[in-house]
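Heads up: the structure comes next, in C-alpha cells.
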Amino acid sequence: MSKKRNMFPLGGSSDDATLATVPPTVTRLDGAASAISALKPFTFLEAIAQAGRPLSVSEMSALLNVPQPTAHRIVHGLESEGFLEREAGSRRYAPGSRLVRLSVGVVGTSARAAPRRAILEALSNAIGETCNFGIRVGNHLMYLDRVEAAWPFGLRFEPGSRVPLHCTSMGKLFLSAMTPTQRKRLLNAAALQFYTERTITDPDLLEAELLKIREAGFSIDNQEFLAGVVCVAVPVLAANGSVAAALAISAPLARMSLSRATQCVPLLRNAAEQMAETFGDSDLDGLAVPGQQRVGQ
C-alpha cells in the first residue's frame with residue numbers, strides 16, 4: 001500500500017477554531033471551482049465525510065472558505081433533502097440517511113467488482129461455507145457482499161442488509177476497534193437487544209468480550225444473533241492499521257463447530273489482506289473511523 005497521507009485533524013469543539021490547513025482530498029472553494037455553483041453542495045458532503053465527525057456550519061464555512069450565509073443556505077438545503085442531518089442536541093451536522101444510502105450503494109457496487117468477488121468466492125470454496133464482507137454504518141453492520149455456501153440450508157441476507165453490532169462477529173469486531181468513548185456513545189444510544197439466549201446484553205460483559213477480541217485480532221458469534229449459527233470475523237485494515245471493513249464466515253452449528261470455525265482464521269486473514277490490496281488507501285481510509293484502537297497483532 002502507498003504511504004498514508006497526513007490528514008488535517010478536525011478535532012476540538014470550538015466552532016470558530018482556525019483551520020490553517022485542510023485535507024488534500026477536500027476541495028476549497030477559493031479557486032476556479034468556486035465558479036461552478038453545482039459543485040458547492042458536493043464539497044460540503046465531502047468535508048463531512050472526510051472529517052469523521054459532525055461539523056458545524058461555521059466549521060464548514062472556514063474549512064471550505066465559503067461565506068457563512070452561503071454555507072448556511074447550502075447546509076440547510078442538504079438537510080431538507082436528507083443528505084445531512086443535525087446531530088441531536090448540537091448545532092453540528094452529520095451524514096443524513098440519503099447520503100448514507102448513496103455512499104453504501106457506491107461502496108457496495110465497488111465491493112462486488114470482479115477481484116473482490118473472486119476473493120470471496122475463493123474463500124467460500126476453500127472453507128465450504130458462506131463468506132461475508134461488511135462495513136459499519138451508524139449503529140449497524142451492513143453487508144456489502146456475500147457468497148453463499150452450496151448447501152441446501154443457507155442464511156439469506158442480501159447485500160445492503162443491516163444487522164446489529166453487539167451480537168454479530170463483524171459487528172463486535174468494529175466495536176472492539178473503537179475507543180471507549182466512541183463505543184460508550186454508540187451503545188448508549190439504544191438498549192442491547194436480546195436475540196438468543198447467548199446474546200450478550202450486559203454492558204460490562206460485552207466490554208470484557210470486546211477486550212478479548214481486540215487482543216486476539218478476530219471475533220466470534222457463538223449463536224448470539226441466530227440460534228444454531230456460528231460466525232468468525234477478521235478485520236480488513238486501512239494503511240494505518242485501523243479497521244475499515246470485515247470478512248466473516250458463517251455456518252450452521254450442525255455443519256461447523258465453533259472450534260472448527262476458529263481454525264479458519266488464517267484463511268480469513270489471508271483473504272482480508274488480499275481484499276485490502278484491491279482498494280486504494282483513500283478508499284479504506286474513508287471507511288475507517290478516526291481514533292480507533294488497533295485490533296490484534
Heavy-atom nearest pair, Ile249 first then Cys131, reads CG2-SG, 3.8 Å
Test item: Val230 and Gln223 side chains (from C-beta on) under 4.5 Å apart, heavy atoms: yes
Check the pair Leu226, Asp221 against side-chain contact (heavy atoms from CB on, under 4.5 Å), reporting the backbone distance first and the verdict last. CA-CA 9 Å; Leu226 295 172; Asp221 165 7; over 6 Å; no
Starting at CG of Leu165, measure out to CG of Leu173 and round the result to the nearest 0.5 Å. 10.5 Å
Distance col, row Glu129:CD vs Glu148:CD, nearest 0.5 angstrom, shows 10.5 Å
Would Leu192 end up clustered with Leu205 when hydrophobic side chains under 4.5 Å apart are linked, directly or stepwise? yes
Would Asn132 and Ser250 count as a side-chain contact (heavy atoms from CB on, under 4.5 Å) if you check the C-alpha gap in whole Å, the side-chain angles of each, and the deciding distance to 0.1 Å? CA-CA 8 Å; Asn132 315 297; Ser250 56; 3.5 Å; yes
I want to check something: taking the side chain as every heavy atom from C-beta on, are Asp145 and Arg116 in contact at a cut-off of under 4.5 Å? no
With the side chain counted from C-beta on, respond yes when Tyr93 and Glu79 share a heavy-atom pair under 4.5 Å apart, and no when they do not. yes
Rounded distance (nearest 0.5 Å) linking atom CG of Leu63 with atom CZ of Phe44: 9.0 Å
Mind checking whether Phe225 and Tyr195 have parallel, tilted or perpendicular rings, split at 30° and 60°? perpendicular
Any sub-3.5 Å donor-acceptor pair from Arg117's side-chain atoms to Arg146's backbone N or O? yes
Of the non-hydrogen atoms in Val57 and Gln68, which two are nearest, and what is the gap between them? CG1-O, 4.4 Å
Within the structure provided, determine whether Arg183 and Glu207 are in side-chain contact (heavy-atom separation under 4.5 Å). yes
Below 4.5 Å, heavy atoms only, C-beta onward: do Ile220 and Ser169 meet side chain to side chain? no
Kindly compute the distance separating CG (Leu78) from CG (Leu45), expressed to the nearest 0.5 Å. 5.0 Å
What pair of heavy atoms forms the shortest contact from Val234 to Ala272, and how long is it? CG2-CB, 3.9 Å
With Glu209 via salt bridge (Lys or Arg N to Asp or Glu O under 4.0 Å) - residues at least two apart: Lys172
Would you name the heavy atoms of Val243 and Ala177 that are closest together and state the gap between them? CG2-CB, 3.7 Å
Quick one: does Ser56's side chain have a donor or acceptor within less than 3.5 Å of a partner on Arg92's backbone? no
Chi angles and distances behind the side chain to side chain donor-acceptor pair (under 3.5 Å) call for Ser257, Ser259: CA-CA 5 Å; Ser257 67; Ser259 175; 4.8 Å; no
Check: Thr168 side chain, Pro164 main-chain N or O, donor-acceptor pair, under 3.5 Å: yes
Criterion side-chain contact (heavy atoms from CB on, under 4.5 Å) on Met60 and Thr43, from CA distance to verdict: CA-CA 10 Å; Met60 286 184 272; Thr43 60; over 6 Å; no
For Thr130 and Ala149, indicate whether the former's side chain and the latter's backbone hold a donor-acceptor pair under 3.5 Å. yes
What are the two closest non-hydrogen atoms of Gly134 and Leu141, and how far apart are they? C-CD1, 4.2 Å
Step by step, would you call Leu175 with Arg136 a side-chain contact (heavy atoms from CB on, under 4.5 Å)? CA-CA 9 Å; Leu175 288 174; Arg136 183 177 73 86; 5.9 Å; no
Of all heavy-atom pairs linking Thr199 and Cys167, the shortest is CG2-CB, 4.0 Å
About how many Å separate OG1 of Thr196 and CD of Glu224, when rounded to the nearest 0.5 Å? 7.0 Å
Would you find a donor on one side and an acceptor on the other, under 3.5 Å apart, between the side chain of His166 and the backbone of Gln193? yes
Are Lys40 and Val66 packed together at the side-chain level, in the sense that at least one heavy-atom pair is separated by less than 4.5 angstrom? no
Let me confirm one number: the CG-CD1 distance from Leu247 to Ile119, rounded to the nearest 0.5 Å. 8.0 Å
Between Asn270 and Pro266 (side chain of the first, backbone of the second, donor and acceptor by atom type, cut-off under 3.5 Å), is there such a pair? no
